[in-house]
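Below you'll find the structure, written out as structure tokens, and then a few comments.
Remember, it's a predicted structure, so these values are computed and weren't measured experimentally. Order of the sequence lines sets the chain letters (A, B, ...), proteins ahead of strands, with each chain counted from 1.
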Amino acid sequence: MAAANSLPRRALRHRSFMIGLVLTLLLIAMAVISLVWTPYPVTEIAMVQKLKPPSAAHWLGTDHLGRDILSRIMWGARNSITVGFVAVTLGMVAGVLLGLWAAATRGWADEIVSRMSDLVFAFPAVLTAILITTVFGASAVNAIIAIGIFNIPVFARVTRGAALSVWGREFIRAGLAIGKGPLRITFDHVLPNIASILIVQGTIQFAVAILAEAGLSYLGLGMQPPLPSWGRMLNDAQTYMYQTPTLAIFPGVAIALSVLGLNLLGDGLRDLLDPRLKVMRVG
Amino acid sequence: MLEFLSRRLFAALFTLVAASLVVFGVLEVLPGDPALVMLGMEAQPDTLAALRKDLGLDRPVWVRYFAWVGDMLTFDLGRSQAYKTDVATMLLVRLQVTVPLAIGAVTFAILLGLPLGILAAWRHGKAGDYGVMMFSQAGIAVPNFWIGLLLVLVFSLGLGLFPAGGFPGWEKDFGASLRALALPIIALGLPEAAILSRIARSAMLDTLREDYIRTARAKGVAERDVLFRHALRNALIPIITIIGLFFAFQVGGAIIIESVFYLPGVGQLVYQSINNRDLVVIKDVVILLTFFVLLINLAIDVIYVLVDPRPKIKA
């Protein structure tokens, strides 16, 4: 009986989790393959080949400089994953530490974390990116910083809420009774008990980060040319979609499928790990 | 109740002051010489000196900060270096594009998302529910600027029903101005409708499980009254919260969508000001947008108190 309800078996039967997993693995595979191979070099300009529709030589066609769209989408996957992963990791580390601190000490530490969250939430990620870009110039690194800063209060709030409910449990009092300090209790008991919500929230934030990166690079505030990003490709496409409409299709499909995959994966993980987890959704 | 609201008001004021320090710090203190940022490395020494004098950079930092705060409080905004116009004048013109765009998008999201969410909760586990959930997942995954491009491809280039971009101005041609905003409103509102349908569905499902709903059904209340008078009313808190957040989303959304459709709104002003390195405009507009977001949050708190007789004081 136990084997029939084990986590891997339940995961295999969970349809949207499996779709999410496959889409996410495809995204990662595309990025990894682009490290060693793309059909054409991503920055190779071939003006005679410009604005071609999909063909046997260029499966997804070419852009206004004759560059291969498929190769650029593969490279763009690497860019999206890097920006998303680094930004979410930065936000997660800082946010989780702040949330754990607020839950462990309450009082004024709690108040500081709440006020900082309010401050960051008052600035949409795009405005943070604009402030940073105005002074330091546009780059993928500045996009990462802007998205990372936005992620800090998301993780701080989720961590604080989940950690507070762990602090109210019996075994924490047992830990205090045998003389463990708040720091030991936080890392021995609180953190392991809130790991699943952090994994689920991390997956959802990864999806949000990919959307945010696409928006920033569409505005020219992300990865700089000639290296490709999906958002930038759509910006270029806007000028030429009158001649070649497919230019405006494929990068958008890549963004949508990646975000859809990660969202389905996150929702599926929540169902499988603990359906009562309270995930935060802010865009 | 008054204690709850005054606490929230105090928190909002604190956030506004902190935000003004951050904006001022990032744009005026961090770069060292703001005049150099605005004019670039190749600037002539005498033009630099003139701009420094114009911006009052010879004064100490704290004097400049308080002068700026004083100007903002009296709505005496600075002059744009790139446009050579008062920021206040430009803002008033551009709000005529951005305000209808933002209100239109939120209205669109409510009109589409709320009924879909209610439908999904009512048909829980049936085909209608699955249909709404698929729409919701797809809508959340699709970036709004890509929806904008696809709408242009189909409705402007393909069918020729709507303009692909630009804005004629309300006085010049009211009908054409309305048409110019149609596609941007849909592009901005569609992902929000998807989010709203999801939130409304789960809020409705939560209340539909309550005992008083079973009681209402048992005593023979019509299904429509159960849904709209009993369930929806009690599901309103999370729904209002997310609608309030949408207004904050519009700030970021307007910057992107106005650039997709070449609309001369506040978002485009901010975006162009980055390229022009127009620190005066960015500083003023960013803090006004922050003020606006905080104002919306406060309005939501007031609505909470009005809708729910038991406000969550410690929330």
Would you mind telling me which of A/Leu211, A/Leu219, A/Val259 has the largest number of heavy-atom pairs within less than 4.5 Å of chain B? A/Leu219

B/Tyr83, OH atom: more than 12 neighbouring heavy atoms under 6.0 Å: yes

Give, as side chain, backbone, both or neither, the part of A/Val120 having an atom under 4.5 angstrom from any heavy atom of chain B. neither

Just wondering, more than 12 heavy atoms not from A/Arg106 lying within 6.0 Å of its CZ? no

Those residues at least two apart in sequence (or on a different chain) that pass salt bridge (charged side-chain N to carboxylate O under 4.0 Å, His left out) with B/Asp129 are B/Arg201

Among the listed options A/Ile210, A/Leu262, A/Leu131, A/Leu257, the residue most often paired with chain B at heavy-atom distances under 4.5 Å: A/Leu131

Heavy-atom proximity to chain A below 4.5 Å, by part of B/Ile296: neither

How long is the gap from CD on B/Gln137 to CG on A/Leu264, to the nearest 0.5 Å? 4.5 Å

Looking at B/Val142 and A/Ala256, what are the two nearest heavy atoms and their distance? CG2-CB, 4.0 Å

Is B/Leu149 in contact with chain A via its backbone, its side chain, both, or neither, using a 4.5 Å heavy-atom distance? both

Let's test your reading of the structure: which of B/Asn297, B/Val293, B/Leu16 forms the most heavy-atom pairs below 4.5 Å with chain A? B/Val293

When the 4.5 angstrom heavy-atom criterion is applied to B/Ala19 and chain A, the contacting part is both

Between A/Ala237, A/Ala214, A/Gly252, which shows the greatest number of heavy-atom pairs under 4.5 Å with chain B? A/Gly252

Shortest non-hydrogen pair, B/Ile256 vs A/Gly215, comes out as CD1-CA, 3.7 Å

Within a radius of less than 6.0 Å around CZ of B/Phe291, do more than 12 heavy atoms belonging to other residues, nucleotides or ligands occur? no

I'd like to know if the side chain of B/Trp146 and the backbone of A/Ala248 have a donor-acceptor N/O pair within less than 3.5 Å. yes

Do any N or O atoms from the side chain of A/Gln238 and from the backbone of B/Val260 form a donor-acceptor pair under 3.5 angstrom? yes

Output a table of donor-acceptor pairs, distance under 3.5 Å, between side-chain atoms of residues 273-285 of chain B and any protein atom two or more places apart or on a different chain; print 'none' if there are none.
unit_1, atom_1, unit_2, atom_2, d
B/Ser273, OG, B/Leu269, O, 2.6
B/Asn276, ND2, B/Gln272, O, 3.2
B/Arg277, NH1, A/Thr134, O, 3.0
B/Asp278, OD1, B/Gln81, N, 3.2
B/Asp278, OD2, B/Ser80, OG, 2.6
B/Asp278, OD2, B/Gln81, N, 3.4
B/Asp278, OD2, B/Ala82, N, 3.1
B/Lys283, NZ, B/Glu28, OE2, 2.9
B/Asp284, OD1, B/Trp68, NE1, 2.9
B/Asp284, OD2, B/Gly78, N, 3.1

When B/Leu150, B/Ile255, B/Leu294 are compared by non-hydrogen pairs under 4.5 Å with chain A, the top option: B/Ile255

Which atom pair, heavy atoms only, marks the closest approach of A/Tyr242 to B/Ala164? OH-CB, 4.4 Å

Within 6.0 angstrom of A/Phe85 CZ, more than 12 heavy atoms from elsewhere: no

Checked B/Asn144, B/Leu27, B/Val152, B/Leu289 vs chain A; the most non-hydrogen pairs under 4.5 Å come from B/Leu27

Taking every heavy atom of B/Ala138 against every heavy atom of A/Leu260, the minimum-distance pair comes out as N-CD1, 4.4 Å

